[in-house]
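Remarks on the structure that follows.
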Amino acid sequence: MGEPVPGGCFGRALVVDVTDGSSRVLDVPATVLRRHLGGVGLGTWLLTELGPPGVHPLAPGAPLCFVFSPLVGTPLTTSAKFAVVAKSPLTGLLTDALASSHFAIAGKLTGHDAIVLVGRAAQPSVLLVQDDVVRLQPAGDLWGRSAAQAEAALRDREGHRWQVAAIGTAGERGVAYATISHDGRHAGRGGLGAVLGSKGLKALAVRGSHKTAPADVDGVLAAAKDLRARSLGRATERYRELGTMGNVLAFNALSTLPTRNFAAASFDGAERLGAEELAQARGVTRSSCASCSIGCEHLYKGSGGKAVRMEHQSVSALGPLCGVSDPDAVLAASARCDELGVDTISAGGTIAWAMETAERGLLDAPWLRFGDGAALLRALDELGTGDGIGPLLSLGSRAAANVVGHGSLAWAAQVKGLELPGYEPRTMQAMALGMAVNARGADHNRSGAFDADLSGDLDRLRGGDAHVRGAVEAEDRAAVMDSMILCSFLRKVFDDPWVEWAQLLSLVTGWDLDADELRATAQRIVLAKRAYNLREGWVPEDDWLPERFLATSLVVGSGRSATLTPQTLRAMVSGYYAARGLDASGRP
Amino acid sequence: MVTTAGVVLAGGRSRRMGSPKADLEWHGSTLLARTVGVLVRGADGPVVVVCSPGQELPPLPAGTEVVADPQEGRGPLQGLAVGLAAAGADAAFVCSTDLPFLHPDFVRRVLAALAGDVEVVLPHAHGFRQPLAAAYATSLAPIAAALVAEGLAAPKPLLDRSRTLVLDDAALLEDARLRAADPDLRSVHNLNDPAAYDRARAEPAPEVVVQRFGVLASGGRSATVTVRAATVGRAAQEVGLVLDRHVLAAVNGDATSRDPHAPLVAGDVVAFLSADAGG
């Protein structure tokens with residue numbers, strides 16, 4: 001182990017061709033790091049540089065980028081996160097997802113700012129990266145096992161200093177919304193697990209001995225102490241005490257809880273699925289990622305006594321969206337998704353689409369009905385085995401609707417192919433815009449415009465200029481948080497985030513960043529994603545919401561109508577383009 | 001789709017009351033702020049307050065537009081003309097400032113009847129025509145202005161020249177929501193003198209349901225209680241909450257707000273939730 005490299009970054013990425021296990025080091029210039037930071041920003045740069053234009057997402061030549069960040073490895077709370085970036089098999093465009101914990105720390109200790117995988121192994125394999133040494137090992141014994149099983153088996157075999165990111169059987173089988181997971185946490189959205197599986201890899205394992213040192217060690221220690229103290233305040237109290245599940249009942253009261261494939265926005269059975277009820281009825285265990293003082297994770301006991309990690313998005317997609325109020329069914333469905341290694345949002349969204357399609361008589365699955373927990377579990381089983389409607393479900397709702405036809409695309413709740421998260425766009429119209437224009441598709445992490453809708457500063461039922469400003473700001477903030485990287489659950493602890501983030505990054509990297517430069521960096525990252533998508537076939541129609549949201553209204557509890565007209569959405573999209581300096585068709 | 005706004009005529013001389021009605025307190029708010037807040041809830045668009053030239057007004061909700069009568073003492077028809085011209089919508093609910101029991105569902109009911117070629121929806125409640133709790137097409141603004149120019153002061157000539165739909169008690173209460181919310185049509189109960197004001201003040205604040213979610217409820221459980229409160233801020237106070245950056249309110253599942261002065265009416269459900277959503 002040599003001296004720590006100052007400045008939080010190594011300036012190098014490891015590119016591995018898993019066809020033969022060969023590798024090379026790609027120098028990442030300091031200017032690139034400063035302009036893209038790390039995480040999703042650097043991942044977007046790497047994908048653009050290394051990905052052949054027009055490459056199929058599951059082709060050997062399609063890069064899969066595991067990207068670390070300047071802050072990972074520091075004592076700053078919530079910094080132990082990594083990004084995975086690739087061309088999505090679900091959307092055909094860029095996807096980037098974050099996951100947490102020790103894999104991020106160990107991955108950076110290999111001495112690289114990113115590990116990029118290309119090629120295709122001749123047989124099921126695992127890739128082990130220890131510092132600059134790369135080993136490709138046959139892993140036929142792990143194929144067919146869950147990600148958690150594979151992770152445990154690999155660590156048992158190689159040693160527990162290894163940290164592992166793995167796929168479940170869904171990734172092996174190319175399910176378009178398969179995840180990559182580490183220690184039970186998923187890089188969830190966009191089918192990154194299918195990309196890893198397409199390379200013949202069950203897992204990537206990392207360990208290393210190369211450290212970086214902050215430019216200002218004392219400054220970082222002081223900042224870490226301060227941030228930790230603030231992370232225990234009221235701005236994160238909800239995450240600590242109830243986890244993200246604390247949203248369920250509040251969202252239900254606000255008519256923002258998508259129900260029965262977005263036919264409604266409040267759900268009679270929500271009370272049974274709220275964190276408050278589940279905590280009382282099931283007991284709850286709290287957990288946290290490495291280097292995190294918030295501890296948002298809440299695990300509830302399922303019917304078999306097994307602890308199941310539950311998030312608002314999982315409950316929303318597998319519960320109200322499918323009309324299911326039975327907590328046992330929802331907990332079991334979430335556990336089944338984890339076991340298969342699929343994104344709960346897209347799984348729930350695709351099954352909800354299938355339920356409606358079946359109820360309309362357009363899908364030969366008369367057993368598949370809203371509200372039927374057993375049907376939900378059967379659908380997931382078929383997704384896992386490839387029987388029955390499993391192959392159709394494995395495509396995601398947009399592609400499945402294109403197979404079924406008969407206008408079923410109108411009720412496929414997706415943008416760019418990515419299923420909507422648990423936010424109703426008609427009653428959250430800043431979020432409606434955010435989901436329409438975001439590069440990843442319908443998304444709540446890269447576009448946290450729900451913050452604007454719930455700010456109390458605008459009318460969330462009447463989209464307009466304020467909603468555009470809110471969506472742009474939220475997207476910019478996410479671009480920086482996801483690149484430097486800090487957990488988005490910290491976002492409300494900052495009083496002056498742009499200034500404070502610039503200070504944190506400067507302490508670690510030694511760059512003389514200020515808020516203005518960081519804002520410019522955020523905008524650059526957002527536009528870089530758009531530029532990649534343009535290269536890969538994005539068309540203006542991709543920045544739009546499905547017909548369901550524009551053709552039907554909802555009524556909130558006050559009696560007021562929540563209507564999102566095409567004119568309103570068009571005006572907001574145009575406003576977004578103008579704010580981003582794009583032309584009228586959304587191009588730079 | 002008819003777009004709707006609100007207009008509050010605040011410029012009257014309040015001779016019988018003896019002091020400006022706009023400033024009078026009612027359960028933690030002023031009559032004017034409360035009326036504006038109710039119109040915000042009942043109409044789609046902006047709320048315009050028409051005052052006398054130079055009149056000082058109490059604090060108003062953010063976004064309230066204020067315009068002044070060109071001349072003082074020309075009666076409500078002038079305020080109607082000015083307010084309709086400024087409303088920026090197809091139609092406006094126009095009312096006086098002294099309606100502490102005005103209900104958003106009354107406003108919605110009256111505005112909803114302004115359809116087809118109807119230009120005025122005139123409630124005829126408790127045996128009286130209510131031109132200052134009525135809906136007007138904003139296209140009537142020039143006609144109203146012309147009548148003012150002729151020296152007229154009361155709304156009646158405008159009603160006479162307009163296609164007016166009169167809604168009596170029974171017709172008003174055909175609306176199920178209004179029937180449930182204000183079965184006695186107290187919405188049109190105005191305050192003309194100190195005695196009426198004293199009686200109104202003696203009435204308890206509206207009874208509302210408060211819901212707290214998540215960490216805002218004691219012991220981590222959601223909690224629902226009934227309290228008496230005429231404003232969101234008072235409701236928060238009743239359950240030990242402060243509307244700061246971490247707490248939001250939503251009345252009847254509508255838009256979120258941190259405005260402590262937002263009015264409440266009987267039967268409202270006020271949800272308090274953590275502002276730190278997401279995930």
Side-chain angles (χ1 to χ4, degrees), chain A residues 233-256 265-266 271 274-277 279-280 296 311-313 422-423 427 444-445 448 450-451 453-462 488-489 491-493 555-563 565, chain B residues 1 3 40-45 62-63 104-105 107-109 112 175-178 180-181 209 211-217 219-224 232 242-260 262 265 268-279:
Chain A
R234 288 183 66 199
T236 57
E237 183 181 15
R238 190 185 65 86
Y239 295 114
R240 287 196 311 276
E241 299 304 322
L242 294 171
T244 57
M245 292 262 293
N247 282 342
V248 174
L249 296 185
F251 279 25
N252 195 52
L254 296 181
S255 297
T256 59
S266 58
E271 191 78 31
E276 298 87 342
E277 179 70 22
Q280 288 291 319
C296 71
E311 304 287 346
H312 168 72
Q313 293 300 336
Y423 299 88
T427 58
H444 63 292
N445 287 321
F450 53 79
D451 272 342
D453 286 311
L454 299 179
S455 66
D457 298 331
L458 51 75
D459 183 350
R460 62 191 170 92
L461 309 185
R462 298 284 182 270
S488 64
F489 294 172
R491 67 195 187 284
K492 294 285 184 76
V493 311
V555 177
V556 301
S558 67
R560 199 152 65 107
S561 170
T563 303
T565 66
Chain B
M1 190 173 73
T3 58
V40 167
R41 289 176 54 177
D44 296 330
D105 285 334
V107 177
R108 283 193 205 101
R109 166 69 181 113
D175 182 85
R177 289 186 69 99
L178 179 59
V209 174
Q211 297 175 325
R212 286 171 291 169
F213 291 105
V215 295
L216 302 185
R221 300 265 310 164
S222 62
T224 300
V232 167
V242 177
L243 286 171
D244 61 12
R245 63 186 282 201
H246 301 296
V247 179
L248 282 171
V251 178
N252 301 327
D254 209 297
T256 54
S257 166
R258 287 193 183 87
D259 179 6
V265 297
D268 276 344
V269 178
V270 191
F272 291 109
L273 57 147
S274 166
D276 312 304

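Values below: every heavy atom of this structure, side chains too, minus hydrogens, waters and symmetry copies. A, B, ... follow the sequence lines: proteins, then strands. Residue 1 opens every chain.
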* Check for a donor-acceptor pair, side chain of Arg177(B) on one end and backbone N or O of Ser558(A) on the other, with a separation under 3.5 Å. => yes

* Asked: Do you know which of Glu237(A), Arg240(A), Arg234(A), Arg560(A) has the most heavy-atom pairs under 4.5 Å to chain B?
  -> Arg234(A)

* Asn252(A), part contacting chain B, at a heavy-atom distance under 4.5 Å -> neither

* Asked: Hey, is the main chain of Ser455(A) close enough, under 3.5 Å, to the side chain of Arg258(B) for a donor-acceptor pair?
  -> yes

* Asp44(B): what forms a side chain to side chain contact (heavy atoms under 4.5 Å, CB included) with it, not counting sequence neighbours? -> Arg462(A), Thr4(B)

* Structure fact -> So OG1 of Thr244(A) and CZ of Arg238(A): to nearest 0.5 Å the spacing works out to 7.0 Å

* Segment of Leu454(A) engaging chain B (4.5 angstrom heavy-atom cut-off) -> both

* Asked: Parallel, tilted or perpendicular: which fits the ring planes of His312(A) and Phe251(A), with parallel below 30° and perpendicular above 60°?
  -> perpendicular

* To do: Considering only heavy atoms and a distance below 4.5 Å, find which of Val269(B), Asp244(B), Asp259(B), Asp105(B) pairs most often with chain A.
  => Asp244(B)

* Asked: Is it the backbone or the side chain of Asp268(B) that comes under 4.5 Å from a heavy atom of chain A, or both, or neither?
  -> neither

